[in-house]
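Structure, as structure tokens:
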Amino acid sequence: VIDVWFALNSYTDDTIHRGNTHTGPGISSYAVYAQDQRTTGTLIEGNTIDNAEDPIYLRGALDFEIKDNTITGLGDPADAGIYVRNGYGEIDGNTLVDADGGILVDGIRYGYDVSVTDNSISTSSGRTAIGAVGIWAEDCGSSTFTSGGNTITVMGNAIVADGCDIEDTGSNLIGTG
């Protein structure tokens, strides 16, 4: 089940997905899912998501803004709260709790950047989540991954990089174990 789907070859430009609540008795695969680079200028803002395996997944989306969303994950490190792949844009001011896969940036479109700023990533009080990750960035090529002002409270793996140069300023990385 996908709540909002920008399908392959859909040519969606400047879409706004704002102020929605994604909840219910069943689990969705995705709350918001974009499938290719024909999704441009997407704004995902001020939503509450608590029933999806991968709440926000943008595959190839360009010039996105993901901001001020509240995401409660399912406590599985295989599922990122926000997952962007092979695109570019900004991820700012989101709150992720128990989204143990954290914010995952997998590839950045050549010549562009991704910034991840002022997000709060944590687990519920008293919960032990050994595999939880804060921010994971991989396969950035020659593009820059910029991070800053994030508060990440996990047992370990606050920021993980694989094939990315990261510039981080002013983040609070808090170990819980």
Side-chain angles (χ1 to χ4, degrees), residues 2-18 29-47 49 52-69 71 73 76-96 99-121 131-152 154 157-171 173:
I2 300 172
D3 293 350
V4 177
W5 181 18
F6 303 112
L8 187 64
N9 297 318
S10 65
Y11 294 95
T12 52
D13 298 328
D14 303 318
T15 302
I16 297 172
H17 185 70
R18 178 185 289 140
S29 295
Y30 311 99
V32 181
Y33 176 54
Q35 202 161 357
D36 72 12
Q37 72 238 7
R38 291 170 187 87
T39 302
T40 61
T42 302
L43 172 63
I44 302 168
E45 178 182 35
N47 300 289
I49 304 168
E53 292 173 355
D54 290 299
I56 298 173
Y57 179 24
L58 305 183
R59 187 177 79 188
L62 307 176
D63 196 24
F64 55 78
E65 287 183 74
I66 303 169
K67 61 184 195 176
D68 302 325
N69 298 286
I71 297 170
D76 186 341
D79 298 326
I82 298 171
Y83 182 179
V84 295
R85 180 176 173 83
N86 298 329
Y88 67 90
E90 300 176 10
I91 302 169
D92 180 73
N94 300 284
T95 300
L96 284 71
D100 289 3
I103 295 174
L104 172 57
V105 177
D106 183 2
I108 299 174
R109 188 162 183 95
Y110 177 78
Y112 294 91
D113 299 325
V114 170
S115 66
V116 178
T117 55
D118 300 321
N119 298 284
S120 173
I121 304 168
V133 174
I135 297 170
W136 186 297
E138 62 185 25
D139 301 324
C140 297
S142 61
S143 297
T144 301
F145 177 85
T146 305
S147 172
N150 298 294
T151 300
I152 303 170
V154 293
N157 302 316
I159 298 177
V160 178
D162 181 6
C164 290
D165 292 331
I166 296 178
E167 297 176 8
D168 185 272
T169 304
S171 289
L173 311 177

Say whether, by atom type as modelled, one donor and one acceptor occur between the side chain of [X] and the main chain of [Y] under 3.5 angstrom.
| X | Y | result |
| --- | --- | --- |
| Asp68 | Asn94 | no |
| Asp79 | Pro77 | no |
| Ser147 | Asp168 | no |
| Asn69 | Ile44 | yes |
| Asn150 | Ile152 | no |
| Asn119 | Ile91 | yes |
| Asn47 | His17 | yes |

Over all atoms of both residues, closest heavy-atom pair of [X] and [Y]:
| X | Y | value |
| --- | --- | --- |
| Asn9 | Arg38 | OD1-NH1, 3.0 Å |
| Ser143 | Tyr110 | OG-CA, 4.0 Å |
| Gly149 | Ser171 | N-OG, 3.4 Å |
| Gly87 | Val114 | O-CG2, 4.1 Å |
| Pro55 | Ala80 | CD-O, 3.2 Å |
| Ile49 | Ala31 | CG2-CB, 3.6 Å |

Parallel, tilted or perpendicular: rings of Tyr88 and Tyr112 (30°, 60°): parallel
Polar side chain donor-acceptor pair, Thr39 to Thr12, under 3.5 angstrom: yes
Mind checking the [atom1]-[atom2] spacing from [X] to [Y]? Nearest 0.5 Å is all I need.
| X | Y | atom1 | atom2 | answer |
| --- | --- | --- | --- | --- |
| Thr146 | Asp113 | OG1 | CG | 5.5 Å |
| Phe6 | Thr42 | CZ | OG1 | 5.0 Å |
| Asp54 | Tyr33 | CG | OH | 10.0 Å |
| Ile56 | Leu104 | CD1 | CG | 13.0 Å |
| Leu58 | Asn86 | CG | CG | 12.0 Å |
| Asp14 | Thr40 | CG | OG1 | 6.0 Å |

Side chain proximity check, Val154 to Val133, heavy atoms < 4.5 angstrom: no
side-chain contact (heavy atoms from CB on, under 4.5 Å) evaluation trace for Asp106 with Asp139: CA-CA 6 Å; Asp106 183 2; Asp139 301 324; 3.4 Å; yes
Trace of the side-chain contact (heavy atoms from CB on, under 4.5 Å) decision for Tyr83 with Arg59: CA-CA 8 Å; Tyr83 182 179; Arg59 187 177 79 188; over 6 Å; no
Test: Asp92 and Lys67 ion pair at under 4.0 Å: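 Salt bridge: no.
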The single option from Ile16, Asp63, Ile66 passing side chain to side chain contact (heavy atoms under 4.5 Å, CB included) against Leu43: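 Exactly one option meets the side chain to side chain contact (heavy atoms under 4.5 Å, CB included) with Leu43, and it is Ile16.
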Exceeds 12 heavy-atom contacts within 6.0 angstrom, atom CG of Asp13: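 Count over threshold, so yes.
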